[in-house]
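Reminder, nothing fancy here: chain letters follow the sequence lines and each chain counts from 1. When reading the values below, keep in mind they use all heavy atoms of this one structure, side chains included, and skip hydrogens, waters and symmetry mates.
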Protein chains: 4
Amino acid sequence: MAKQKSVAIRESILEAATKVFAKTGFYKAKALEIANKANIAVGTIYNYFKNKDDILISIFNERIGELNRTLISALQGVDDPDQRLSIILSSSISAMKNDREFAEVVTIELRQSSKFFSSTAISSVLEFLEIITDVIHDGQKRGIYRSDVDARVVAWTLLGSLENLLHIWVLSDRLPEVKHRYDISLEEGKETVERVLRRGLH
Amino acid sequence: MAKQKSVAIRESILEAATKVFAKTGFYKAKALEIANKANIAVGTIYNYFKNKDDILISIFNERIGELNRTLISALQGVDDPDQRLSIILSSSISAMKNDREFAEVVTIELRQSSKFFSSTAISSVLEFLEIITDVIHDGQKRGIYRSDVDARVVAWTLLGSLENLLHIWVLSDRLPEVKHRYDISLEEGKETVERVLRRGLH
Amino acid sequence: MAKQKSVAIRESILEAATKVFAKTGFYKAKALEIANKANIAVGTIYNYFKNKDDILISIFNERIGELNRTLISALQGVDDPDQRLSIILSSSISAMKNDREFAEVVTIELRQSSKFFSSTAISSVLEFLEIITDVIHDGQKRGIYRSDVDARVVAWTLLGSLENLLHIWVLSDRLPEVKHRYDISLEEGKETVERVLRRGLH
Amino acid sequence: MAKQKSVAIRESILEAATKVFAKTGFYKAKALEIANKANIAVGTIYNYFKNKDDILISIFNERIGELNRTLISALQGVDDPDQRLSIILSSSISAMKNDREFAEVVTIELRQSSKFFSSTAISSVLEFLEIITDVIHDGQKRGIYRSDVDARVVAWTLLGSLENLLHIWVLSDRLPEVKHRYDISLEEGKETVERVLRRGLH
DNA sequence: CATGAATGAGTCTTCATTCAT
DNA sequence: TATGAATGAAGACTCATTCAT
């Protein structure tokens, strides 16, 4: 029997691509550089992915899908909405901290992608939003959260807040100007967001 | 007068570029298409701008700079921090509503730019953040706003919320999936953000 | 038996390749598509043929070789040169009619091949020409055909006529323009060619 | 005023391409080599032609169009159909003799092109056929030529004969085998074709 | 200043062929 | 012998930018 398409190779391409996308940005990323970093030939990339877009989309969907699964299981058995939102923030932030390059890619490239790729390309992001929306909605139905706000808007803007928290973190490394004025740790940031939200939603 | 003429051309390039960037995204935008839309020759672009990057940066800085000036003057004489934040949101949103293509460009391309361009490229954005930060800081100093949150974080995450509000609005047009689930007007969105913030910050 | 099996595979590759060459042309034909059509793996092709060129050459030589053998046996015992030429035309045309895809390949790719491959690649075509030349030559020697024409030229140009007869037939399917103006059956075409030739050679 | 697209450059691209196509065949011809031969940059090619196909099509249509115009004017005032066919053969052959590389391209690549390009791509060839058909048709109407043959078939097969006459000539240079067996001059070939045709059509 | 033709570096992707299994 | 994943050379075409007019 001949060789089988290897999961390991696929994974190494995704990892290498994440690094290259983080460093140069999606558009300037070169297939050859990804291949080199993954220790394979350029052509091999195209045995696993249709094209560069497909790699980026796969990174998003697989990593965020993973995060979603983590979230869902972490939320199991937790009842308090505040605590649930806290878990969502913590889990998301810690996932990003553990893979800074993925954080950079999500922060920087996701917007572009949502606009210029199809909606299936960002299905996992929509799923992530769904999770947050459900938590808030549930809080509202149980009379814990105020009902005069739109749960979907809260979810979406919370995502924006989270993204920008990560964005400062990521930018600090490149731009001294930002580093100097906005030297804030992810934890401090999370704390502030949570405080505002906790009081703001009740 | 020569100077007059130049300003008009410069302006028409910026307008044309905004449209093209909105439609295709910065990286795929072609100088020739910008020139055509501006009714000038390609070469002329380079009499007014160093390169494509320079056009994008100019769009950001000039339009956001304008917004900043509008904000500053609108905030004149307004004392209440809640009202001031409300003015900031309203002005920003109405500026974007009046120039949807600019909204698309800001929403989609700003992130990329902040990362891969220098910090002067986004000086006006930093200035915008400064304005928000000051309002919150001022509210804290006057004992109106709680002091256990970081004003800079609030400002930055508020920007994230605002961006994502615009993002849904912009995305709705491209992705039916989003349109269907997140059919929210900018005004409704703003209302929710304000409510959470108002209670959350006190 | 192993040998038997091999011949079957070899044959199925030639058949599949003929179809693919007919559809896309030799240069754009993909080995993978040939393999798929032949229900084998790509690699297997290279156990039977040196390369893509080799497949095309084999198609030519084997099919035209077959035609040559058919011709030779059909000409056995026929004495009249006119009748012999008629047999050559009929047999050739009917062979092509029975394998339209091969007709397309011969018509379209033979020229290229004759130029860019070696002369052994087209040895069977040269043999085919030889057969025609001999018939004419023989007619001349027996005083039936005029002697003031060059038998080799007549053979070669007769081949050109035959090719173009097939060419109209093949083109008609792709180009409506041709179909419309040159809607001629192979039989009608053959009739005209024969009439001119019969009188022209005496 | 800026530079104008130059007819000279366009022409030099066509000339260079003809040479390269003759040498390597259309599919293996490299844009860079054409550019080098034409003393221009690769990109310049694409200011004048949409793509490689477009170059080949232009070569065909412009050169054969030219030939058609020459033929039409040469046929002016000539009454005798035999003489007219003779003129067509002579003019075509002499045009090819004067531009051997074009002859190679026509002989080798035209077939491919007729099949895989659109019919406008070969409009000039169809026009050439039209000219021949008209001559024969006219001969038939005037009772000089026999009426029991299809003028269109005669035209098309005559084209095949002409092509193969050129083909031997072209092949002789590459394949010693052919050179050895078919060492026939264009003029001798023409003579034979004309003799057969002249008697065959009356 | 305006023009737009010329430039040529740059890169994704294809696909025939190889070779380890 | 059959397989099909891996390979990597190869090349058409793009497009931002320049500069002669």
Phosphate OP1/OP2 of F:dT1 contacted by C:N47 side-chain N/O (<4.0 Å): no
Separation of F:dT17 atom P from B:N51 atom CG, nearest Å, is 5 Å
What is the distance, rounded to the nearest whole Å, between atom OH of B:Y27 and atom C1' of F:dA16? 13 Å
Using OP1 and OP2 only, check whether a side-chain N or O of C:Y46 sits under 4.0 Å from F:dG4. no
Inter-residue atom distance B:F60.CZ - B:I55.CD1, 0.5 Å rounding: 12.5 Å
Within the sub-3.5 Å range, which N or O atoms of nucleotides 8-10 of chain F have a protein N or O partner, and how far apart are they?
unit_1: F:dG8; atom_1: N7; unit_2: A:G43; atom_2: N; d: 3.1

The criterion is side chain to side chain donor-acceptor pair (under 3.5 Å); which residues satisfy it with D:E15, sequence neighbours excluded? none
Is any side-chain N or O of C:Y48 closer than 4.0 Å to OP1 or OP2 of F:dT1? no
C:F49 CZ to E:dA16 C1': how many Å, rounded? 16 Å
Quick one: salt bridge (Lys or Arg N to Asp or Glu O under 4.0 Å) pairs with a partner in residues 117-126 of chain C, sequence neighbours left out? none
Atom-pair distance (CD1 on A:I34; P on F:dT7), nearest Å: 15 Å
Whole angstroms only, please: what is the CD1-P distance between D:I9 and E:dT7? 7 Å
Residue pair A:S6/B:K28 against DNA chain F: nearer the 5' end by closest nucleotide is A:S6
Sub-4.5 Å side-chain heavy-atom contact between D:F49 and D:L14: yes
My validator wants the stems of DNA chain E: runs of 3 or more consecutive Watson-Crick or G-U pairs, both distances under 3.5 Å, written as range with range. E:2-21 with F:2-21
Partner set under side chain to side chain donor-acceptor pair (under 3.5 Å) for D:T120, not counting sequence neighbours: D:S118
When all nucleic acid strands are considered with a 4.0 Å heavy-atom cut-off, which category describes C:I45: base, sugar-phosphate, or nothing? nothing
Can you name the side chain to side chain donor-acceptor pair (under 3.5 Å) partners of C:D99, sequence neighbours left out? C:R63
Could I get the full list of side chain to side chain donor-acceptor pair (under 3.5 Å) partners for D:S12, not counting sequence neighbours? none
Gap between atoms CD1 and P, on B:I55 and F:dA16 respectively (whole Å): 9 Å
Got a sec, which residues hit side-chain contact (heavy atoms from CB on, under 4.5 Å) with B:I57, two or more places apart in sequence or on another chain? B:N61, B:F117, B:A121
For D:K115, the salt bridge (charged side-chain N to carboxylate O under 4.0 Å, His left out) test, sequence neighbours excluded, returns C:E104
Which atom pairs, one a donor and one an acceptor, fall under 3.5 Å between side chains of residues 25-36 of chain A and the rest of the protein, sequence neighbours left out?
unit_1: A:E33; atom_1: OE2; unit_2: A:K23; atom_2: NZ; d: 2.6
unit_1: A:N36; atom_1: ND2; unit_2: A:L32; atom_2: O; d: 3.4

Length of the line joining B:D54:CG and F:dT18:P, which is rounded to integer Å: 12 Å
Kindly compute the distance separating CD1 (A:I108) from OG (A:S113), expressed to the nearest 0.5 Å. 11.5 Å
Whole angstrom is fine here: how far is it from CD in B:E33 over to C1' in E:dG4? 17 Å
Assign each of C:K52 and A:K50 the nucleotide of DNA chain E bearing its closest heavy atom; nearer the 5' end lies the nucleotide of A:K50
Please list, in numerical order, the residues of residues 11-22 of chain A that have a heavy atom closer than 4.0 Å to any atom of DNA chain E. none
Going by side-chain contact (heavy atoms from CB on, under 4.5 Å), name the residues that satisfy it together with A:L175, two or more places apart in sequence or in a different chain. A:L171, A:V178, B:S119, B:I122
